[in-house]
Number of protein chains: 2
Amino acid sequence: MSADIESRVTADDHQALKLWLRLLACTTRIEDQIRDRLRREFGTTLPRFDMMAQLDRSQDGLTMRELSERLMVTGGNVTGITDQLEAEGLVERQAHPSDRRSINVLLTPAGRRAFRKMAATHEQWVVELLAGWNAKEKTQVYEQLAQLKTHLMNTKSKES
Amino acid sequence: MSADIESRVTADDHQALKLWLRLLACTTRIEDQIRDRLRREFGTTLPRFDMMAQLDRSQDGLTMRELSERLMVTGGNVTGITDQLEAEGLVERQAHPSDRRSINVLLTPAGRRAFRKMAATHEQWVVELLAGWNAKEKTQVYEQLAQLKTHLMNTKSKES
DNA sequence: TATTGTTATACTCTATAACTATA
DNA sequence: TATAGTTATAGAGTATAACAATA
């Protein structure tokens, strides 16, 4: 390998690393802001907000198993979050019509109202935090991220 | 406000939210991969790796206070991570030359060797994970993120 | 036997606050 | 008094594994 090619490879490597560190810094900053605001303004957390978002999309509720898959956390965690939300009257557990092992979790009317209100505010936070980009730039980055996402979904996790 | 403007605003809001969710998905995926690989291939964690990266850059070591600022975590956490790395012989605590309250933390020669090896592998992971973008695209996103970062640094945290 | 959900437990990462030694 | 560092504690957030009920 010639020195030229090698140096180009090295330059490209550092480019990727610098890009990653900047990407991580921006995302972490936004996520921390959202966590902090959810806690202070609504007394909730991101996992709880995410579970309510999943339930809001589904009219008939979701089983613990479905929630576990969609939130990408293990079953024990779903039980814990559901317990908290149920204690506050935001969700309820119902018997599953056809499988007595399963449990259907649904938003209560109060839970749906509370979520809709939080979601609107949350969306305004995101608009504000991403206001460093105009509409055209947002579209560009959105499409560039689509490419990256495709690549990442095809990138196997390293086996142990 | 006319219906047109309002609908444009709404469209833009959803654009920001969709962009944020995609940005978060990509970043989380990469970060999880890196955490997982650090754990499996080097038996270490991201905070430990980050501390060693800071120490590798500084020839004369850093005080606990400096580490706390650079890693953006509180002092108690720095003590804990330092304890772990010291127990494995990767860093050492030394008396500060001019302030007896302070402690200087330095990489040991073994720690520096271990870090350099990990860092090279880590950089290859990042190159691989970001391979969904070519060099030109990486440069574009890098510069777009610079803009966002500037905006985020000027965005005050919400007061309580 | 396999699956659903719960419980118990543990580990990482973080913060706050009380404490000591020193400035 | 103020600062550097340590210790103790707590709370998210996550995982694994043993378990009971049901399929």
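Chain letters run A, B, ... following the sequence lines, proteins first, then strands; residues in each count from 1.
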Partner set under side-chain contact (heavy atoms from CB on, under 4.5 Å) for L24(B), not counting sequence neighbours: T27(A), E31(A), W20(B), T28(B)

Set of side-chain hydrogen bond (donor to acceptor under 3.5 Å, both in side chains) partners for R93(A), sequence neighbours left out: D83(A), E86(A)

Separation between CD (E69(B)) and OG1 (T74(B)), nearest 0.5 Å, reads 12.5 Å

Output the rounded distance in Å from CD (E66(A)) to P (dT3(C)). 16 Å

Check for me whether the distance between the ring centres of F42(A) and F49(A) falls short of 6.0 Å. no

Can you give the first and last nucleotides of DNA chain D, 5' to 3', that have an atom under 4.0 Å from a heavy atom of chain A? dG13(D) to dA23(D)

Show your reasoning for whether side chain to side chain donor-acceptor pair (under 3.5 Å) applies to Q147(B) and E137(A). CA-CA 10 Å; Q147(B) 240 179 277; E137(A) 288 163 340; 3.2 Å; yes

Salt bridge (Lys or Arg N to Asp or Glu O under 4.0 Å) pairs touching residues 140-153 of chain A, sequence neighbours excluded, are none

Taking CZ from R39(A) and P from dT14(C), how many angstroms apart are they, rounded to a whole number? 16 Å

Nearest heavy atom decides the nucleotide; on that basis, is R100(A) or P47(A) closer to the 5' end of DNA chain D? P47(A)

Rounded to the nearest 0.5 Å, what separation is found between the CG atom of L38(B) and the OG1 atom of T44(B)? 6.5 Å

With sequence neighbours left out, the residues meeting salt bridge (charged side-chain N to carboxylate O under 4.0 Å, His left out) with E88(A) are R48(A)

Do any of residues 83-98 of chain B sit with a heavy atom less than 4.0 Å from DNA chain C, and if so which? none

Give me, pair by pair, the N or O atoms of the protein and of nucleotides 16-20 of chain C that are less than 3.5 Å apart, along with how far apart they are.
none

Starting from C1' on dC13(C), measure out to CZ on F49(B) and report it in whole angstrom. 18 Å

Is a side-chain N or O of T150(B) found less than 3.5 angstrom from the main chain of A146(B), in a donor-acceptor match? yes

Measure the distance from CZ on R35(B) to C1' on dT12(C) and round it to the nearest whole Å. 9 Å

The ring pair (Phe, Tyr, Trp, His ring centres under 6.0 Å) partners of Y142(B) (sequence neighbours excluded) come to none

Whole-Å distance, L38(B) CG to dC13(C) C1', equals 15 Å

Looking at residues at least two apart in the chain, or sitting in another chain, which of them share a salt bridge (charged side-chain N to carboxylate O under 4.0 Å, His left out) with R70(B)? none

Over how many whole Å does the gap from M72(B) atom CE to dA15(C) atom P extend? 10 Å

Applying salt bridge (charged side-chain N to carboxylate O under 4.0 Å, His left out), name anything that partners D32(B), two or more places apart in sequence or on another chain. none

Could you give the CD-to-P distance, from E31(B) to dT12(C), as a whole number of Å? 16 Å

Among residues 56-65 of chain A, which ones have heavy-atom contacts with DNA chain C below 4.0 Å? T63(A), M64(A), R65(A)

For residues 105-118 of chain A, which residue pairs qualify under side chain to side chain donor-acceptor pair (under 3.5 Å), counting only residues two or more places apart or in two chains? D56(A)-R112(A), D56(A)-R116(A)

